[in-house]
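Structure first, then comments.
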Amino acid sequence: MEELDLLIASALEGNKRAISKLISRVEQGSSSEVIRKLAGKLGKAKVIGITGPPGAGKSTLTNALISLFRQRRETVGVVAIDPTSPFTGGAILGDRVRLNSDPDEGVFFRSMGTRGAYGGLSVATRGAINVLDACGYDVIIIETVGVGQGEVEIINHADLVMVLAVPGLGDDIQAIKAGLLEIGDIFVVNKSDLPGADRVAVELRAGISLSAGEKYEQIPIIMVSAETGMGLDKLLDSIDNVFEKLNDSGEILLRRALRLSGGSRLGLQVNKGESKMKCLHFDHIGVAVKNLEDAAKFYEAVLGIKPTGIEEVEEQKVKVMFMPCGDCEFELLESTSPDGPVARFIEKYGEGVQHIAIRVDDIDAALAELKEKGIRLIDETPRYGAGGARIIFIHPKATNGVLLELCERK
Ligand SMILES: Nc1nc2c(ncn2[C@@H]2O[C@H](COP(=O)(O)OP(=O)(O)O)[C@@H](O)[C@H]2O)c(=O)[nH]1
Ligand SMILES: [Mg+2]
């Protein structure tokens, strides 16, 4: 057996060192390889995401929930996302020490840094969840950092999202970003042993009613104190209840399928909101061809289109021939290297439409909106394409199979 296979076999038997090593592999970038080998064992765990501002008590609550699940003999895996120090590149280990003091066999704890360019949850997060899922942990709790744009991304990784609010962080629920109000399956007012908790609950109810509309009354708001234990039994009931509803409606299948395929539930959720993108019209259609001159014959002789120029885009390892057609144009693409994206496309699918480009008036705004909606992207920042346009590509997974380019021409 290969080393990785041995490691996996050992992890599946419940060896914590092996599980830990496997997660490290995933963090170091072999996520897809590991996950391929674990396929078939995935999708059983109840994955619970906990988000909320720093200091709200996410770690304390995680600790308390672990005990409750353990009392029911459920095993628990915890993935804590810690802020990565900009100076050392290392994660702050406070949570790890605290939670790891529990020597219980049925609990596995792992903390990892945020790696995404904008503080998001990383591919490694998904990988770690999948490893713990495959290794048979009944419940997996993900504790987020509590800051940054990426917080709402938790919805893509968890089956159930719990949003924490607390009294004492200013005089309203401003500390909870608007986006979080839309993604909670359960809202928890923690630190209810402190004054002001009732008001936080009332404000939460009002906030949720704005974002969740008619459904808002069904969304539970549970008052607890993670420290004293008050209300935690009710919270556990509520968690069970939400999972039961998700099971009954079949919604759990959709959530898991998206989670396992790397899809974006956030995208689905937020897509109901308005788009601010303006000035969308087709810019060009990229056609992967083996040879520009050969391919041009059809377009010239049959369609009567004259090429207006050829340009090499070094970064994309491609030569582009421009063939204007009305307001739009064909871009014939010939690879300049066997490992370029166009060469790989032809190898996989043969010649054909490789991408479609839409023009936008402000690519930075478009990119920000796509990120906010959790749309899967190929580019995190704009790059330069043919004709000096600033471009980004959206992943085909997000577009029902089309490699979609957005471009801004000045
Ligand atoms: N009074 C009170 N303090 C709490 C409660 N839960 C957590 N804390 C305290 O709040 C602080 C932050 O908690 P922590 O779990 O680290 O928050 P996190 O940053 O969201 O993970 C700690 O000092 C906890 O002891 C609670 O229910 N009541
Ligand atoms: Mg914490």
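Note: hydrogens, waters and symmetry copies are ignored here, and every other heavy atom, side chains too, is used. Residue numbers start at 1 and run along the sequence shown. First listed ligand is number 1; within each ligand, the first listed atom is number 1.
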Any N/O pair Val224/ligand 1 closer than 3.5 Å: no
Which atom of Leu232 lies closest to which atom of Val224, heavy atoms considered: CD2-CB, 4.1 Å
Vertex the Mg ion (ligand 2), rays to OG in Ser59 and OE2 in Glu143 - rounded to 10°: 80°
Polar contact flag for Pro54 and ligand 1 (N/O pairs, less than 3.5 Å): no
Nitrogen or oxygen of Gly55 less than 3.5 angstrom from that of ligand 1: yes
Backbone of Val161 reached by a side-chain donor or acceptor of Asp185 within 3.5 Å: yes
Option passing ring pair (Phe, Tyr, Trp, His ring centres under 6.0 Å) with His355 (candidates Phe282, Phe393, Phe345): Phe393
Flag if over 12 foreign heavy atoms under 6.0 Å of CG, Asp339: yes
Least distance between heavy atoms, Val320 atom then Ala386 atom: CG2-CB, 4.3 Å
Sub-3.5 Å N/O-N/O distance, Thr228 and ligand 1: no
Within-cut-off N or O pair, Leu61 and ligand 1, under 3.5 Å: no
Asp193, portion touching ligand 1 at heavy-atom distance under 4.0 Å: side chain
Salt bridge flag under 4.0 Å for residues Asp159 and Arg256: yes
Residues in salt bridge (charged side-chain N to carboxylate O under 4.0 Å, His left out) contact with Arg72, at least two apart in sequence or another chain: Glu74, Asp240
For Ser225, the ligand 1 atoms whose distance to one of its heavy atoms is below 4.0 Å: 26 (C), 27 (O), 28 (N)
Pair listing, salt bridge (charged side-chain N to carboxylate O under 4.0 Å, His left out) test, anchored in residues 51-65, at least two apart: none
Metal check, the Mg ion (ligand 2) vs Thr62 N/O/S, cut-off below 2.8 Å: no
Region of Asn190 engaging ligand 1 - heavy atom pairs below 4.0 Å: side chain
Closest to atom 11 (C) of ligand 1 among Lys191, Met230, Lys58 (heavy-atom distance): Lys191
Interfacing atoms of ligand 1 (cut-off 4.0 Å, heavy-atom, Glu143): 21 (O)
